[in-house]
Amino acid sequence: MVRLPLQCVLWGCLLSTVLLVSPTPCRKNQYQINNQCCDLCPPGERLTTDCTEGTQTKCSPCEQDEFSNTWNREPRCHQHKYCDPNLGLREWSKGTSETDTTCACQEGKHCSSHACERCTPHTSCPAGYGVKQMATEVSDTICEPCPDGFFSNTSSASESCQPWTSCEAQNLVVLRAGTNKTDVRCGSHDRKRVLLLIPVVLVALMTVLLVSVYIRKVIRRSGSKGEINTKRQDPVETEDLPGHNTAAPVQETLHGCQPVTQEDGKESRIAVQEHQ
Ligand SMILES: *[C@@H]1O[C@H](CO)[C@@H](O)[C@H](O)[C@H]1NC(C)=O
Ligand SMILES: *[C@@H]1O[C@H](CO)[C@@H](O)[C@H](O)[C@H]1NC(C)=O
């Protein structure tokens, strides 16, 4: 009495194997409807009418701005994608009856997602960082810190780290070391020496100036005595001499006038001397 169920299982296995091997009797690019096989519509077309026993499948081409990219039995084609400029998009390739339009981002922007439904501006690498890989329509900028010997002094989405200027190559010396944000500053050997010499020269100049002023003062003091002696008839001019020097000329002048002024002169001379 175990025979019947076993037979059933066997038949079941056979049947299901047959069904799995050929789930539908239709050929490739056909579909089954009402127990018969109809041809699918090719890419670029859509289904208008299913086939019947006596007629083939009726298809019609996609409209302008529409496409179908597979063998299909769809009643409608798909609308071409619209690249919305307000989202930063532009048309990358125009769609055909068999392919969709593809969008890309406008200059300076990249897709924010794989499907490129909207765009975001490229990242700029700040000073101290350089562009390792420039952004594309679909990927953002990749920045890297400037390694030793390189610098970047601008925020930029296109500039990589620049190597420091080689002062040696120009037969110059380094005046100021470079950083990751600034270039090396070069100068001539002379210039470096001049820079070092500036304080020394300044001190020397000051010394010379002070000494010369002092010497001139001394010369003027001693020189004015002799000068006035030769110009004794001009007392007015001598009174114009500045500072305590005035006393001496007046004295000298009076002394020079002594023979002329006599008694009065003597009195005034004494008065001047008392003033001193
Ligand atoms: C640049 O150099 C400074 C000083 O050495 C350092 O602190 C800074 O992290 C560096 N920046 C980058 C981007 O490497
Ligand atoms: C950056 O460095 C370059 C080369 O040394 C220099 O010509 C430029 O003026 C610098 N720009 C700024 C903003 O410092």
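In each ligand, atom 1 is the first atom listed, and ligand 1 is the first ligand listed.
- For the 3.5 Å distance criterion, the side chains of S93 and T102 qualify, holding a donor opposite an acceptor.
- In this model, no donor atom of one side chain and acceptor atom of the other lie less than 3.5 Å apart for S68 and H78.
- By the 6.0 Å contact criterion, CZ on R90 is enclosed, its count of non-hydrogen atoms from other residues, nucleotides or ligands being greater than 12.
- Checked against C161 for a side chain to side chain contact (heavy atoms under 4.5 Å, CB included), the options F151, Y129, F150 give a single hit: F150.
- Less than 4.0 angstrom separates some heavy atom of Y129 from each of these atoms of ligand 1: 13 (C).
- The disulfide (SG to SG under 2.5 Å) test with C111 is passed by exactly one of C116, C105, C119: C116.
- Side-chain contact check for Q30 and D39: at least one donor-acceptor pair (N or O, by modelled atom type) lies under 3.5 Å.
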Contact table ligand 2 N or O to protein N or O, d under 3.5 Å:
from	atom 1	to	atom 2	distance (Å)
ligand 2	2 (O)	N153	ND2	2.3
ligand 2	11 (N)	N153	ND2	2.9
ligand 2	14 (O)	N153	ND2	3.2

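- Taking only nitrogen or oxygen atoms, main chain and side chain alike, N180 reaches within less than 3.5 Å of ligand 1.
- Remark: ligand 1 atoms within the under-4.0 Å shell around heavy atoms of P145 are 13 (C), 14 (O).
- For the 3.5 Å distance criterion, the side chains of S60 and T48 qualify, holding a donor opposite an acceptor.
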